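Below is one structure; the comments refer to it alone.
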Amino acid sequence: MDGPAPSPASELPFRISFSGHGGHLRLDPTPHPSSPIPEFVLPPAYPPGSPSSLKEYLEANYLNPELHLPTAADAGRVWDVDWFALTRPPLEPSAPRTVLAPAWEPPFRRGRGTSQPALESQVWDPESVQMEMGEVFGSGTVGLAPRMPGPAKDFVRGSINNRPFRPGGLQDEDAEAAALEKAFPEGARNGDWMRELMTGGPAQVAPPGFRKGLELGQLKEYKSQWKCFRNGELVEEQPVSSSNDAMIAWEEDAANKALQEGGVQQSAEDEGTKEVGEQKVDVWQGASETITKLDAENHEADVIRDDPETQTDLDQMLSSEVQDTRKESGISGDDKPTHDGKVWALVGGDEDIVTNFYNLVPDMAIDFPFELDKFQKEAIYYLEKGESVFVAAHTSAGKTVVAEYAFALATKHCTRAVYTAPIKTISNQKYRDFSGKFDVGLLTGDVSIRPEATCLIMTTEILRSMLYRGADIIRDIEWVIFDEVHYVNDAERGVVWEEVIIMLPKHINIVLLSATVPNTVEFADWIGRTKQKKIRVTSTNKRPVPLEHCLFYSGEMYKICERDTFLTQGFREAKDAFKKKNSNKLGVKPGPKSGTPAVRAGIQGKNAGIQGKNPDTSSRGRDQKYPKHHNANSGAAAVSQSSSGPKRSESSFWMPLVNNLLKKSLVPVVIFCFSKNRCDKSADSMFGTDLTSSSEKSEIRVFCDKAFSRLKGSDRNLPQVVGIQSFLRRGIGVHHAGLLPIVKEVVEMLFCRGVIKVLFSTETFAMGVNAPARTVVFDSLRKFDGKEHRKLLPGEYIQMAGRAGRRGLDNIGTVIIMCRDEIPEESDLKNLIVGKPTRLESQFRLTYTMILHLLRVEELKVEDMLKRSFAEFHAQKNLPEKEKLLLQMLRQPTKTIECIKGEPSIEEYYEMSLEAEAHRECITEAIMQSSSAQQFLMPGRLVVVKSETDDDHLLGVILKGPSQALNKYIVLVLTGDCTSSALSPELSNKTEKEPGDFQQGRFITPKGKRGMDDEYYSSGSSRKGSGVIKISLPYKGDASGMGFEVRAIEKKEIMSICTSKIKIDQVKLLEDGSKAAYFKTVQLLIKEQPEGTKYPPALDAIKDLNLKSMSLVESYHAYHRLLQKMSENKCHGCIKLKEHISLMREQKVYKDQLNELKFQMSDEALQQMPEFQGRIDVLKVINYIDSDLVVQLKGRVACEMNSGEELISTECLFENQLDDLEPEEAVAIMSAFVFQQRNTSEPSLTPKLTEAKKRLYDTAIRLGTLQAQFKVPVDPEEYARDNLKFGLVEVVYEWAKGTPFADICELTDVSEGLIVRTIVRLDETCREFRNAASIMGNSALYKKMEVASNAIKRDIVFAASLYVTGI
């Protein structure tokens, strides 16, 4: 550049560094040095080079080993270069796309060159091959298929045309093995190259790709010895063999291995063929090759292990190393934590990390002005090592320090870091907090600020979209920080966290910040197993500010918990005060208002029923419609209000508490009320209270004037804006979802400044705002969660209670539970305060967007996503054990059935017996439920009872029917030698030919209709019994050499009802326990057994028991046909029938277990697999995908839809439902996709909007019906109601036409905050519809969406966040 040279004093100090994995040059200014004139150092004169000096330089820098003391930062890549500090900066060029690598070959395969002298026969001159870098170093930072970066406009958000990056931990074993074999031959991976280095010899002269090289002489032999171990014990030491010996040993070992492999494999095949016998082939199909191979390998390994002579030195060394490794880790081969012996979740750290922290991390990326806690030091140490970290700690414990350090490391490494938060408020607040420290950008649904920044803050949904759309910025991301990970339990949005964690590429490290949860290690183990990287878990249960918990009742505070110890004495004092007060009331006026539990429970139920209809409506509109509802039931569900005026009752309730807190200096205080109406009414009740000084009033007024000055005139006069300022000036604040965003931010910022003394808030304040207070108050311990009124969970209570206590300001934080008309139970309080928080549970569910995104990429399967979800974690974790069990079962020999009558027919006989048994059970169950059978099941009736252990069923007699005291039948059954004597050998030939005599017990054989004579009825005892069973059941004994038992049985245990009855003495049997009565009853039972059979004839199911059902009658006849076929089978009379049936039963159990194991290991066993198949069928029917699962045009459009239901939105576009609507009307109808409140006032719509509403609703009903047809768990009406809410159609229509915000608020009872949130999300929907129109080629719709978006983006709705722009 022409002109005078600048003086040294005017030059700007800077530094040059590399940015990202791409290696782009980057210019950054550096702080001014202490001296205005930089110290320039002239480059030294280089000494003349000589061969000796060059050799010394090479030896000193590259050949001589040196001791390296590792630090935690060694794992990170630091590329900063200070131009003024180094006169010769070591510039690193960008990584090449290809590399020259030697094609290594095993020593015994190296050919000897013809021109090579004999003395140089050992010299190896390898050939160099050119290889792609991706083949050598894997595909961690590239996509599934190599692709060049896309256009700059898609750098941050990505494009639907991009392919997603390959998720980390996604293993394709075949592809990896092929790539590894291509990159490195087998010889380079089996350790033989180590021998060449250790034994010395000629070195390679020319580097790969060079024609000439440098002669450095022979490689020096490394003096070493092999330590040979057997069974973990040192056997011998011997010098390392020479290169020739190694080659010979290698060749012999390979030859022996090949011979043994062939012989063992053949013998295994022969043995397997002999063992399987007649078993069906399909059981072994798919696994036979694996079994044969594994058997051969195992057999071979056993042979080598047992014979020491066949082991080479290398084999012994390797086997000893494996044993030593197992000993060190304390893990046996059969009991490994994972299939590869790795533990993915590493809990806790070493004390040395904390003690020597500043030695391990000498050059911290950022310095903190305070001493770090133990868990913070551990987390920072692991971050420096480049490992992923899971930090679990209480609220306000300092988890943000870990996130800041990840940002600092990304800045230091010139990479990028992403901070994700579940709530937009957290994103805005973190942007403000980090802006002064780092190069920060913000990405949310409606805001995009500096997306090119090093540190990006975004919502989790934005990151998910970037991953699915393959945004190129992902290449540069080093850290992803997940804040509030316990939000994964959220039923609506928890699935997003799982999707993002699964989809993150391999090169990205993860930082997880969570409140304390019981299953931290389990969740970390899932992440580590999914991403195939270790997760360091560090946590602390220590609170920086300890908490004390109190009950506030009748103007007094009772301490019930201190430092996580429940104080029973304090609870008893509160209980005594409650009883004393209620006893006084009872003495003056006893009656139903005395506060009895029954009355209070009734009030709670009534209030719950009323509030369940409309739990979250605003005060405006509803107060006029339902004044009683709001006066009497505006609070939390469990609190019944006084019948006096609302303001007086609320004021008299809150003022004693506030005065008490002011007197004890326990302000500022956050009062959590679980209703927006409750917050507003509580603040209104303190109309006469002023808690601020004149200076604080001035500060509040100036702050509000500055904040609201960005609003135009009409918006500044909104009732909510004016009303909140009057509250704030008196030191009272309100915070809930119904407030305007700018109003909420003003309240949050003033509370952080300490000028708001009392804040009435819903629980979103605890989740979304980092603003601790001196005291936290719970108005109630019950809340409405959108579905029902329930008690607070321990995790929710701990999250909100954690806002008590300001670090550095308070020694202790106070938590107060308000008690109005009752004291909570002690067990409930203990569980809430000192109980375990809620476990992290998977909320993973399939969505059509997820399916379509994954179907776009052939290498990624939906099944892979399902397998890697947290819901399938335990099932997938046990797969290696199941695979091992399956192989063991397949290797088990099966017993063959040798038939003495020729070709065995036992399989056919067994199948018929199973079918007959199924028919019998079905008929028996129907008969026992019928009224006809009940009249026969009277005392004295003979029945056949199902045996618990024996093969044969038992003959018995009913002693007593069911009663109120015991709803079972009392029967006496013969259990001794009685039954077996009926099957004596001489009678066996007769019983063989009985078609009904099957070993499992026969059902009912028609024997003709019997006569119901009076003589069959049992005769009672002479004295009348009490009806009480005085013997202990089961009652066992013997009579006439026969064993018997009196037991109580269910109706289903009765196998059949016999025609016979006997006389019994119920009183003597069940009350007296008379031996004579039992002797007589047993004798009568034995006499009732006909000669040659075990049981008396049974009642005919059709004739006697009136079996009339067509299906049952057919089953009855089928049963007897099967019995006839079984009697004709040659196995029926076989003497080995029982033995063969037992074998068949074992084989069937074996096959069933085998098939069940295979099913559990298959994709079909995934919990959501049936729903996935149903959703795939739905997508095929509506042409989103074709029969080959290729995504079509409609599917690509559906991938753009994230804010609304994807199917309804896409069908709306392809049915041209918006074509005949104006932009204002179109955006009004589109509000149904994003509006969330169920119960609202009915909007007044124009005829065109009414017709459009009907069309859209009919489309939703049609899609819901289609999904129900394919077994997707969807109710059409509920599907339409949940995804389409038309409550704000009129409001959005008027807003798009230009109506002021104050006027549109009068059209509905929806709160102002919800209106703003809906319209902001609606702008994102317009952008999605515009992108969809571009894909469809619909230019008219594209322009219409642009006009609609511009029409709604104005005034207070799109006022910039105070966190982003500042005050």
Side-chain angles (χ1 to χ4, degrees), residues 147-164 445 448 465-466 468-472 847-858 1178-1234 1248 1251-1252 1255-1256 1258-1260 1262-1263 1296 1321-1353:
R147 62 177 176 86
M148 296 298 291
K153 66 183 181 65
D154 298 329
F155 181 74
V156 176
R157 298 276 184 171
S159 170
I160 196 67
N161 298 318
N162 290 347
R163 301 165 72 88
S448 179
S465 176
M466 291 166 56
Y468 276 137
R469 297 162 69 92
D472 288 316
T847 62
Y848 289 105
T849 302
M850 181 198 305
I851 294 173
L852 291 169
H853 273 300
L854 295 177
L855 289 179
R856 289 194 304 113
V857 186
E858 295 180 0
V1178 170
L1179 293 175
K1180 288 180 180 178
V1181 170
I1182 55 182
N1183 297 321
Y1184 284 54
I1185 58 176
D1186 62 12
S1187 57
D1188 297 325
L1189 303 185
V1190 177
V1191 179
Q1192 304 300 299
L1193 177 62
K1194 292 175 75 173
R1196 293 184 59 204
V1197 170
C1199 289
E1200 293 285 346
M1201 305 300 175
N1202 295 314
S1203 56
E1205 211 285 331
E1206 52 270 26
L1207 294 189
I1208 304 177
S1209 304
T1210 306
E1211 291 300 308
C1212 171
L1213 291 180
F1214 278 89
E1215 291 175 1
N1216 300 321
Q1217 295 187 16
L1218 304 179
D1219 284 4
D1220 60 340
L1221 301 178
E1222 296 298 323
E1224 297 82 3
E1225 295 170 330
V1227 75
I1229 283 295
M1230 289 163 56
S1231 68
F1233 293 119
V1234 295
K1248 286 183 69 175
E1251 178 63 26
R1255 284 200 308 255
L1256 194 59
D1258 291 342
T1259 300
R1262 176 173 57 82
L1263 290 172
R1321 291 189 62 197
L1322 195 53
D1323 178 60
E1324 185 179 354
T1325 307
C1326 289
R1327 185 166 59 246
E1328 293 170 359
F1329 273 50
R1330 188 180 60 200
N1331 295 339
S1334 177
I1335 295 174
M1336 296 168 61
N1338 191 338
S1339 58
L1341 180 62
Y1342 186 93
K1343 294 178 181 177
K1344 185 177 292 185
M1345 290 298 103
E1346 277 190 334
V1347 173
S1349 177
N1350 293 331
I1352 62 176
K1353 291 172 68 173

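None of the values given here were measured: they were computed from a predicted structure.
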R469 versus E1200: any side-chain heavy-atom pair under 4.5 Å? yes
What pairs with D1219 under salt bridge (charged side-chain N to carboxylate O under 4.0 Å, His left out), at least two apart in sequence or on another chain? none
Nearest 0.5 Å, please: how far is CD in E1215 from CZ in R1262? 5.0 Å
Would you say the side-chain atoms of T1259 pair up with the backbone N or O of R1255, donor to acceptor, closer than 3.5 Å? yes
Evaluate the side chain to side chain contact (heavy atoms under 4.5 Å, CB included) criterion for residues R856 and V1191: first the C-alpha distance (whole Å), next the side-chain angles of each, then the deciding distance (0.1 Å), finally the verdict. CA-CA 6 Å; R856 289 194 304 113; V1191 179; 4.0 Å; yes
Side-chain contact, heavy-atom cut-off 4.5 Å: M1201 with T1325? no
Donor-acceptor pair, side chain of D1186 and main chain of D1188, under 3.5 angstrom: yes
Derivation and outcome, side chain to side chain contact (heavy atoms under 4.5 Å, CB included), residues L1179 and L1207: CA-CA 9 Å; L1179 293 175; L1207 294 189; 4.2 Å; yes
K1353 side chain to D1323 main-chain N or O, any donor-acceptor pair under 3.5 Å? no
Say whether, by atom type as modelled, one donor and one acceptor occur between the side chain of E1206 and the main chain of T849 under 3.5 angstrom. yes
Between the side chains of S1209 and E1328, does any donor sit under 3.5 Å from an acceptor? no
Residues G470 and N162: closest non-hydrogen pair is O-ND2, 3.3 Å
Non-hydrogen side-chain atoms of M1230 and C1326 separated by less than 4.5 Å: yes
Checking side chain to side chain contact (heavy atoms under 4.5 Å, CB included) for the pair L1218/F1329: CA distance, chi angles, key distance, verdict? CA-CA 11 Å; L1218 304 179; F1329 273 50; 3.9 Å; yes
A side-chain contact here means heavy atoms from C-beta on lying under 4.5 Å apart; do D472 and D154 qualify? no
Smallest heavy-atom separation, A1296 atom then I1352 atom, equals CB-CG2, 4.1 Å
Are any non-hydrogen side-chain atoms of L1322 and F1233 less than 4.5 angstrom apart? no
Minimum-distance pair of heavy atoms, taken over all atoms of V857 and R163: CG1-NH2, 4.2 Å
Looking at L1341 and N1338, what are the two nearest heavy atoms and their distance? N-OD1, 3.1 Å
Over all atoms of both residues, closest heavy-atom pair of L852 and G1195: CD1-O, 3.8 Å
Residue K1343 excluded, over 12 heavy atoms near NZ under 6.0 Å: no
Considering all heavy atoms of both residues, which atom of I1182 and which atom of K1194 are nearest to each other, and what is their separation? O-NZ, 3.0 Å
What do the steps show when you test V1227 against M1345 for side chain to side chain contact (heavy atoms under 4.5 Å, CB included), and what is the final call? CA-CA 8 Å; V1227 75; M1345 290 298 103; over 6 Å; no
Taking atom OH of Y1184 and atom CD1 of I851, what is their separation to the nearest 0.5 Å? 12.5 Å
Spacing of M1336 atom CE and R1196 atom CZ [to the nearest 0.5 Å]: 12.0 Å
Kindly indicate whether the side chain of M850, heavy atoms from C-beta on, has any atom under 4.5 Å from the side chain of H853. no
